[in-house]
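Right, one structure below, let's go through it.
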2 protein chains.
Amino acid sequence: AEQYRGMGAAEFFYRNKEIAGFGNPTRAIYQTVRELVENSLDATEVHKIPPKIVVQVEAVDPDKNIYRVTVDDNGIGIPPDKAPYAFGRVLYSSKYVARQTRGMYGLGVKMAVLYGQMTVGKPTLVITSPRGSKFTYRFKVKVNVKTNEPEVPEKGEWPKSGDWHGTRVSIELVGDWRRARTKILEYIKRTAIIAPYADITIITPEGILVRYPRKTYEMPEPPKEAKPHPKGIDIEALRQIIDKSKAKTLKQLLITEFQSIGPKTASVLLKRAGLEPDLNPKTLTDDQLKALVDAFHSYEKFRPPSPEPLSPIGAELIKIGLKSVLKPEFVEAVTRRPSAYGGHPFIVEVGIAYGGEIPPADQPVLYRYANKIPLLYDEKSDVAWKVVGETIDWSNYKVSFPAPLVVLVHIASTKVPYKGVGKESVMEVPEIEREIRLAVQEVARKLKRYLTKKEKEEELQKK
Amino acid sequence: AEQYRGMGAAEFFYRNKEIAGFGNPTRAIYQTVRELVENSLDATEVHKIPPKIVVQVEAVDPDKNIYRVTVDDNGIGIPPDKAPYAFGRVLYSSKYVARQTRGMYGLGVKMAVLYGQMTVGKPTLVITSPRGSKFTYRFKVKVNVKTNEPEVPEKGEWPKSGDWHGTRVSIELVGDWRRARTKILEYIKRTAIIAPYADITIITPEGILVRYPRKTYEMPEPPKEAKPHPKGIDIEALRQIIDKSKAKTLKQLLITEFQSIGPKTASVLLKRAGLEPDLNPKTLTDDQLKALVDAFHSYEKFRPPSPEPLSPIGAELIKIGLKSVLKPEFVEAVTRRPSAYGGHPFIVEVGIAYGGEIPPADQPVLYRYANKIPLLYDEKSDVAWKVVGETIDWSNYKVSFPAPLVVLVHIASTKVPYKGVGKESVMEVPEIEREIRLAVQEVARKLKRYLTKKEKEEELQKK
Ligand SMILES: Nc1ncnc2c1ncn2[C@@H]1O[C@H](COP(=O)(O)OP(=O)(O)OP(=O)(O)O)[C@@H](O)[C@H]1O
Ligand SMILES: Nc1ncnc2c1ncn2[C@@H]1O[C@H](COP(=O)(O)OP(=O)(O)OP(=O)(O)O)[C@@H](O)[C@H]1O
Ligand SMILES: [Mg+2]
Ligand SMILES: [Mg+2]
């Protein structure tokens, strides 16, 4: 007979850990470093703290592939009542809001904690002190796979000396460092390329220290949480908004809970939906909810989603980063105007570097980023590759392969449409694909002008 | 201040529905048809019932892209106390066991229910009668996104006339039928190719009926649930097994809860782990659990995982299917011996069709299947494409492109390592990649022999 049962989120992601990037020891140690570094950058940069991050990978028992990954940051820390859940409950996060962050699923660090506890059996060690707190908190945590509750076998606190703040996370796991090493070092390097305001260090089991010192204290403006845009709303989302809202009337709900809706627009929408402005929103029927969502979808005059929750890298920083790492003869970059898909704002940025110390290759070399995270796997199924590697005819821009060409593509959004929770490639959303194409063409035209000029100068020289 | 919160599985997959294949109305209507058909095939074939499945897509309001998808089957039905959860609780399934089925996540139909309720606002209609039941049950169901509990606004039952059994699921959703139509029809066709014992019909909104009648009543042997293999065990998995087990001693636990462990092997393993055979398993410490897992991993003499939970298509059925659909001049297929990765058994099957009515193409045409499910998206990131499209040098087999070549690859496993819960491509697991390569080479050698012979005959004819 069929055995019917339900399972919680912790058990589900433990069983299917490969979809989160923890399918084998090589990917697992890479993903562990990533998830911790991404959390540290969110805890600093998003709060305008110049990041100082140290990653240490130590060999605990290299014959058994047991390593300890430790990441230290000077971020905002985690409050002691929240911290056990932050590290011990799957689908728990402070990033479930409409604001551009690297984190979005509430899963990353828990997958690393789980992988450590299932391969080595030890809990994860966390030391943290929130900004302004008088205490430092230290605790060990595991995820209870059956109940999705944190287990805290040890905890303590002591008075803080000085006003440092930040977090240290230390996980012991079975990981194939030798196979993962190149990708991990590349990940750190590509993170540093676009974050010259960050001081990042990685120390390897072999004792090698690689440091990317801060080049500037200038930080990008942090993203500000935005209200939902009506274009992104479906019936369930509307239900949830009404649930949480304190608005007494339907008209007030539209004005206070959504961006781009003022009193005039609210009246127009309510008329289209055939709803009275002073209805109590909590009493709407399913048909009335549907009518309102239909009105949102058919209304053509909304101001597009605000870009205030976004935080692009900026064309200048992209050029500085590409120059310092690749030493090209030509570099150019563009940050497109904000756009949107399904009510979610996004910005595409593209940089191109050519020649100089870049070695020629048969295809463009593509550096992909999403919400400032370097993406190193699954290139061929990424929308950026579709544009840069398959759609653009580079011969139109005087580039003939083999050629020394590097293209950087960054997609920044309140919701990056990743193909999976392992965050390795981005889906082909038409609006995003179009923006990438326009951005690449914009910068490629400048490359063409440069190559044409260079060609002419070389011909003149020959004569 | 950071807003920390947790969310349940229903809210998580509702928010991130694109990773489950519901990111836009075109993919959503395709995925809805898929998820329902895959459930119907599991409810029939896995229980040795010759499947009779009818898929109907009706236009409810084509200007608004509102369609109703209904799938009828003659399967085992669902018991009335389980049915609300089967359709209304995310991560609820009867396939969380070690047995080859199309379903594995406990998510599929709930995503379709959610998509219907968020785009059109209506509940899903389910009519079901389990085999042997005297009643027919009918109910409407929605998923409560906040609590992950089913909501059943209507339900009823009545005495069954006759001894039919099966399930009908009917969902109204916003879907781009016009864009999805080709893929949906291709999906049904490719399902029928490898299931000649199934009677499958699809009726389109345009009123077109496509039927794939049954060609044989011979059914493959259904898969049998297997005990876990020690090679696939980690500390958490061992913990869960001990939790559920009634074994009084550690030695008894090893023998009864695992395959491939008899009394002799159990003694060897326990010695290696330094554990007493008559220890109460429920009292093991973390270090003892780790020692036992280490013993499992270091022991080299386990019998490989049993293939009894697998249900391959079979070389004969593959050849019949390819012949009937493609009308090639050459067709050959192979079912490899069972293999395993990480303790999970799998079988690779490959078929090749060449020439005849197959049009020439610049690359091999690849038909991918996993657990008998046709995979139509994300081809380039699939392990089968890596072998067939990138690794194999087809000129070694006298194939020069453009060429009329179709390659079918089927991966059958108790755990298919999909890249995402949308089940569109399979990860590059080395053991699986190797088996695909060996299988393709095996069949390609037969193609080479055929093409060489054909070449010789043509040369003789010229003289
Ligand atoms: N180094 C850190 N400093 C401050 N807060 C942290 C740190 N690491 C984790 N957190 C907190 O713990 C939460 C959970 O982290 P986790 O990585 O699991 O999810 P996330 O970052 O929100 O999303 P994602 O799964 O996409 O990474 C974060 O949202 C954040 O609030
Ligand atoms: N047509 C059907 N006939 C019989 N049982 C069904 C049918 N459809 C669904 N079920 C039951 O409902 C359960 C949930 O289905 P659902 O599609 O959500 O998950 P699944 O098939 O187990 O896994 P997956 O998410 O991989 O599809 C199934 O496991 C099965 O027990
Ligand atoms: Mg994170
Ligand atoms: Mg299913």
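Chain letters run A, B, ... following the sequence lines, proteins first, then strands; residues in each count from 1. Keep in mind it's a predicted model, so treat the numbers as computed, not measured. FYI, side chains are in, hydrogens and waters are out, and symmetry mates aren't considered; it's all heavy atoms of this structure.
- The shortest side-chain heavy-atom distance between A:D234 and B:Y14 falls under the 4.5 Å cut-off.
- Interface remark: B:N24 contributes no atoms to any contact with chain A (heavy atom separation under 4.5 Å).
- Side-chain atoms of B:Q240 and A:K146, non-hydrogen and from C-beta on, never get closer than 4.5 Å to each other.
- Residues A:I76 and B:E2 meet the side-chain proximity criterion, which asks for heavy atoms closer than 4.5 Å.
- Checking side-chain atoms of A:K415 against main-chain N and O of B:R15 turns up a donor-acceptor pair under 3.5 Å.
- For the set A:E379, A:H297, A:K142, the entry with the most heavy-atom pairs within less than 4.5 Å of chain B is A:K142.
- Contacts between A:F13 and chain B at a heavy-atom distance below 4.5 Å involve the side chain alone, from C-beta outward.
- Heavy atoms closer than 4.5 Å to chain A are found nowhere in B:Y377, neither backbone nor side chain.
- The candidate with the highest count of non-hydrogen atom pairs below 4.5 Å against chain B, out of A:V293, A:V120, A:D378, is A:V120.
- Nearest heavy atoms, B:Y418 versus A:I19: O-CG2, 3.8 Å.
- With a 4.5 Å cut-off on non-hydrogen atoms, A:K419 touches chain B through its backbone and its side chain both.
- B:E424 does not touch chain A: none of its heavy atoms, backbone or side chain, sits under 4.5 Å away.
- Within the 4.5 Å cutoff, side-chain heavy atoms of A:D294 are placed close to those of B:K64.
- In the displayed structure, A:K224 atom NZ is contacted under 6.0 Å by at most 12 heavy atoms of other residues, nucleotides or ligands.
- Contact of B:A237 with chain A is made through backbone and side chain together, with heavy-atom distances under 4.5 Å.
- A donor-acceptor contact shorter than 3.5 Å is absent between the side chain of A:Y4 and the backbone of B:A83.
- A salt bridge does not link B:K122 with A:D286: none of the charged nitrogens is closer than 4.0 Å to a carboxylate oxygen.
- The candidate from B:S94, B:A9, B:G23, B:P417 with the greatest count of non-hydrogen atom pairs under 4.5 Å with chain A is B:S94.
- Between B:N16 and A:M104, the closest side-chain pair of non-hydrogen atoms falls below 4.5 Å.
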Inset, instruction - Take A:E236 and B:Q117, measure what side-chain contact (heavy atoms from CB on, under 4.5 Å) needs, and give me the verdict at the end. - result: CA-CA 7 Å; A:E236 279 302 321; B:Q117 84 188 46; 2.8 Å; yes

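- Both the backbone and the side chain of B:R5 come within contact range of chain A, each with at least one heavy atom under 4.5 Å from a heavy atom of that chain.
- Looking at B:E11, only its side chain comes within 4.5 Å of chain A, counting heavy atoms on both sides.
- At least one side-chain heavy atom of B:E18 sits less than 4.5 Å from a side-chain heavy atom of A:M427.
- In terms of non-hydrogen atom pairs under 4.5 Å with chain A, the most contact-rich of B:G8, B:S298, B:P79 is B:P79.
- A salt bridge is absent between B:D382 and A:K380; no separation between the charged side-chain nitrogens and carboxylate oxygens falls under 4.0 Å.
- Between A:F12 and B:V421 there is a side-chain heavy-atom pair separated by less than 4.5 Å.
- For B:H47, the part sitting under 4.5 Å from any heavy atom of chain A is the side chain, from C-beta outward, and nothing else.
- Formation of a donor-acceptor pair under 3.5 Å by the B:K290 side chain with backbone atoms of A:T119 is found in this model.
- By the 4.5 Å heavy-atom criterion applied to side chains, B:Y96 and A:Q3 are not counted as neighbours.
- Note: A:M118 CE to B:I235 CD1 = 8.5 Å, rounded to the nearest 0.5 Å.
- Counting non-hydrogen atoms of other residues, nucleotides and ligands closer than 6.0 Å to CZ of B:R179 gives a total of 12 or fewer.
- A 6.0 Å sphere centred on OH of B:Y85 holds no more than 12 heavy atoms belonging to other residues, nucleotides or ligands.
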